[in-house]
Number of protein chains: 2
Amino acid sequence: MRARLADVAKLAKVHPATASRALNERTRGLVSQETLERVTAAAQELNYLPDTAARSLASAKSSTIGVVVGDLAVPLFAPMIRGIDDVAWAAGYSTLVVDTDNDRKRELTHLRNLHAQRVDGLIVTTSIVGDPEGPERFANVAPTVSLLRVAEGSLGPEVVSNDDQGMRQIINHLVEHGHSRIALVAGPPQVSTSLARLRGYRNALCDRGLEPDQSLIATIDHIDPDRGREAARRLVQDTDCTAIVGFNDLVTFGVLKELRALGVRCPDDISVVGYSDVPTADLVVPPLTTVSVDHYAMGAEAARLLLDIITGVSNGASKAIQLPVRLVERESVGPARPRTPLR
Amino acid sequence: MRARLADVAKLAKVHPATASRALNERTRGLVSQETLERVTAAAQELNYLPDTAARSLASAKSSTIGVVVGDLAVPLFAPMIRGIDDVAWAAGYSTLVVDTDNDRKRELTHLRNLHAQRVDGLIVTTSIVGDPEGPERFANVAPTVSLLRVAEGSLGPEVVSNDDQGMRQIINHLVEHGHSRIALVAGPPQVSTSLARLRGYRNALCDRGLEPDQSLIATIDHIDPDRGREAARRLVQDTDCTAIVGFNDLVTFGVLKELRALGVRCPDDISVVGYSDVPTADLVVPPLTTVSVDHYAMGAEAARLLLDIITGVSNGASKAIQLPVRLVERESVGPARPRTPLR
DNA sequence: CTGTTAGCGCCTTCAA
DNA sequence: TTGAAGGCGCTAACAG
């Protein structure tokens with residue numbers, strides 16, 4: 001059978017309580033150097049691993065944080081989770097990630113489980129804009145940090161990328177290549193990043209003295225390459241745009257595909273820019289110019305923020321962190337070439 | 001404060017033990033219909049959620065299975081994890097997935113944690129061929145099912161895809177298009193799928209009366225698009241191959257990219273086939289013909305197998321499940337056109 | 001079918 | 001600095 005604390009204590013010839021103190025980071029200071037060594041040695045020898053269940057029960061904390069993700073298949077989550085993991089682990093916390101498949105019912109079930117696990121905190125990437133009970137549902141389980149997507153309006157702690165900056169970089173880059181008819185494939189409005197990027201797009205255009213033209217904005221209701229294709233078709237057929245900015249890389253892949261299907265060359269006829277810099281962005285044709293977001297850093301930052309809140313270092317009230325982004329120039333942007341709508 | 005079992009019991013006017021029985025799937029039969037209803041109602045009313053830690057401690061089982069993954073960013077893991085999740089949940093088990101970043105030290109740390117969590121079982125996707133202590137390291141923690149990759153030689157339960165069938169389909173497809181000089185970018189030999197696909201390739205060629213030619217096999221030491229590029233260059237320059245089969249889609253994306261860089265058209269000059277059918281496989285140029293593996297099903301199957309072992313339904317001894325695969329024809333394969341090495 | 005009685009393995013007061 | 005005692009919330013025998 002596995003070694004228990006009592007076994008370690010016996011081997012070290014101390015009381016279990018003392019062994020406990022020696023083995024716990026936080027209480028280690030209460031123990032003499034010598035016993036500490038004896039206990040540590042004994043634990044090592046017996047290959048002792050504290051039982052997390054017992055520990056949670058006794059200490060009334062799980063040392064676990066829950067991570068709620070909408071779709072693990074979205075490539076940006078992998079680095080993000082690693083970022084979370086790394087700082088959580090360093091602080092002695094485990095991480096429990098659940099994939100809701102973007103399904104409300106699944107989310108609820110998972111949330112119940114996280115609740116039952118008594119997670120000490122929550123990192124949520126599935127916030128919906130304007131969802132009134134959303135934030136509460138999470139906060140009801142444990143202190144929550146919103147990551148990537150936010151509810152907009154709730155004032156909880158959050159970590160997002162600086163989409164205003166990102167859009168500005170894109171627009172500047174495009175304008176420098178002579179573009180002035182710049183179209184946007186805007187994401188679904190219930191996703192906060194859609195709004196943030198749309199705002200950034202408008203602001204950046206204005207800053208450059210360009211009038212935002214509503215007809216150049218194609219809004220999609222689903223983050224999917226096919227919606228990107230449809231949007232691109234409309235844009236190419238109905239407008240004289242010389243550049244298309246996609247909501248994110250995935251959608252932009254669809255844009256690229258449709259352009260090809262339409263016989264429109266990129267970047268010769270139309271320039272294209274994505275957003276996120278997913279790993280395959282430089283594998284498509286042409287390699288996609290896009291905005292690189294440091295998802296690992298975002299995850300790490302969110303974990304740090306959450307741990308500060310959990311441990312009481314910060315109350316986290318309405319602390320909002322915005323991480324910088326960076327334009328990655330590849331081959332999908334070229335000089336503007338004036339064109340007329342296809343039909 | 002949160003409701004405890006005692007609160008529910010009091011409200012339902014029964015003993016806590018009875019409430020416990022009523023609330024547990026397995027012991028529910030031991031309780032009268034009427035008390036069951038009372039207890040359920042009380043639990044509902046108090047919004048009772050059993051404390052998993054206490055439950056684990058008392059029952060000496062965590063109802064949790066650990067999933068060890070090498071790199072969450074690899075797209076096939078998302079559906080796989082969902083498959084695992086779905087059947088695990090249905091059986092009342094939670095799932096704890098850890099990303100080892102393909103790093104041995106990280107794997108060890110995570111394994112320690114899973115051990116401390118007292119996971120009831122393990123699904124491992126990071127098995128290394130010929131690693132003698134590998135299987136033991138895992139088995140030491142909990143009953144283990146190998147998924148996707150196996151250690152080859154250990155006789156534990158495992159779930160893999162039928163790579164022999166997959167390769168056969170690819171080779172047949174290619175032969176039907178007139179190819180006979182078919183090259184293979186073989187994966188790293190410590191990965192079991194590399195070996196399985198290599199075997200499948202050889203077998204399929206033989207079946208078609210084609211002599212396997214060692215010079216047509218380029219082995220890479222890392223699963224990475226860039227290695228795919230290098231391999232493709234060698235193959236194109238040094239051999240007269242008219243088709244290239246990649247170890248998996250990611251590597252094959254690199255092959256495609258290199259062909260383009262070399263001015264070799266696909267599929268006009270050289271046909272290309274991938275493996276796995278990742279979501280972006282039809283977004284590249286040309287859309288990639290590849291073998292579709294049902295990763296969701298693989299995950300589900302693995303979870304089922306593991307649960308059978310945990311619950312004693314099966315001893316699982318050397319049970320090996322092979323899931324069928326299916327060729328997805330897109331646009332990267334065309335008729336063979338004889339060619340000479342580029343140099 | 002239900003109540004009683006003991007812990008599960010650990011942490012955390014309290015005293016010494 | 002260490003030992004003693006109690007309990008975290010639940011399940012699992014065993015009676016009844």
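Chain A is the first sequence line, chain B the second, and so forth, proteins listed ahead of strands; every chain is numbered from 1. Given the structure is predicted, the values throughout are model-derived calculations rather than measurements.
Both B/Thr35 and B/Leu57 lie close to DNA chain C; mapped to their nearest nucleotides by heavy-atom distance, the more 5′-ward contact belongs to B/Thr35.
Residues passing the side chain to side chain donor-acceptor pair (under 3.5 Å) test with B/Arg112: none are found, sequence neighbours excluded. Qualifying salt bridge (Lys or Arg N to Asp or Glu O under 4.0 Å) partners for A/Glu34, counting only residues two or more places apart in sequence or in other chains: A/Arg38. Applying the side-chain contact (heavy atoms from CB on, under 4.5 Å) rule to A/Val97 yields the partners A/Val67, A/Ile81, A/Thr95; only residues at least two apart in sequence or on another chain are considered. For A/His295, the ring pair (Phe, Tyr, Trp, His ring centres under 6.0 Å) test picks out no residue, with sequence neighbours left out. For B/Glu152, the salt bridge (Lys or Arg N to Asp or Glu O under 4.0 Å) partners at least two apart in sequence or on another chain are B/Arg199.
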Worked check of salt bridge (charged side-chain N to carboxylate O under 4.0 Å, His left out) between B/Asp7 and B/Arg4: CA-CA 5 Å; B/Asp7 302 324; B/Arg4 292 157 308 156; 3.5 Å; yes

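No contact: A/Ser56 has no heavy atom under 4.0 Å from any strand.
Across the protein-nucleic acid pair, B/Gln33 atom CD and C/dC1 atom P stand 10 Å apart, rounded to whole Å. Whole-Å rounding puts the A/Lys13 NZ to D/dT2 C1' distance at 17 Å. Across the protein-nucleic acid pair, B/Leu30 atom CG and C/dT2 atom P stand 10 Å apart, rounded to whole Å.
Taking every heavy atom of residues 36-44 of chain A and every atom of DNA chain C, no pair lies under 4.0 Å. Using a 4.0 Å cut-off on heavy atoms, none of the residues of residues 108-116 of chain B approach DNA chain D.
Applying the ring pair (Phe, Tyr, Trp, His ring centres under 6.0 Å) test to residues at least two apart or on different chains, the pairs with a partner in residues 63-93 of chain B are A/His110-B/Trp89. Among residues at least two apart or in separate chains, salt bridge (Lys or Arg N to Asp or Glu O under 4.0 Å) pairs with a member in residues 120-142 of chain B are B/Arg104-B/Asp131, B/Glu107-B/Arg137, B/Asp131-B/Arg137.
Using modelled atom types and a 3.5 Å distance limit, the side chains of A/Lys61 and A/Ser59 yield no donor-acceptor pair. If you check the side chains of A/Thr126 and A/Asn102, you find no donor sitting under 3.5 Å from an acceptor.
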Under 3.5 Å donor-acceptor pairs involving side-chain atoms of residues 298-310 of chain A, not counting sequence neighbours:
residue, atom, partner, partner atom, Å
A/Glu301, OE1, A/Arg304, NH1, 3.0

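Listed here is the closest heavy atom pair of A/His15 and A/Ala9: C-CB, 3.9 Å.
Contact annotation: the side chain of A/Val98 never approaches that of A/Asn113 to less than 4.5 Å [non-hydrogen atoms, C-beta and beyond].
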Sequence-aligned protein contact record of nucleotides 10-16 of chain C, with B where the base is within under 4.0 Å of a protein heavy atom and S where only the sugar-phosphate is: BSBB---

Canonical and wobble pairing (Watson-Crick, G-U, under 3.5 Å) of DNA chain C, dot-bracket with |: ||||||||||||||||

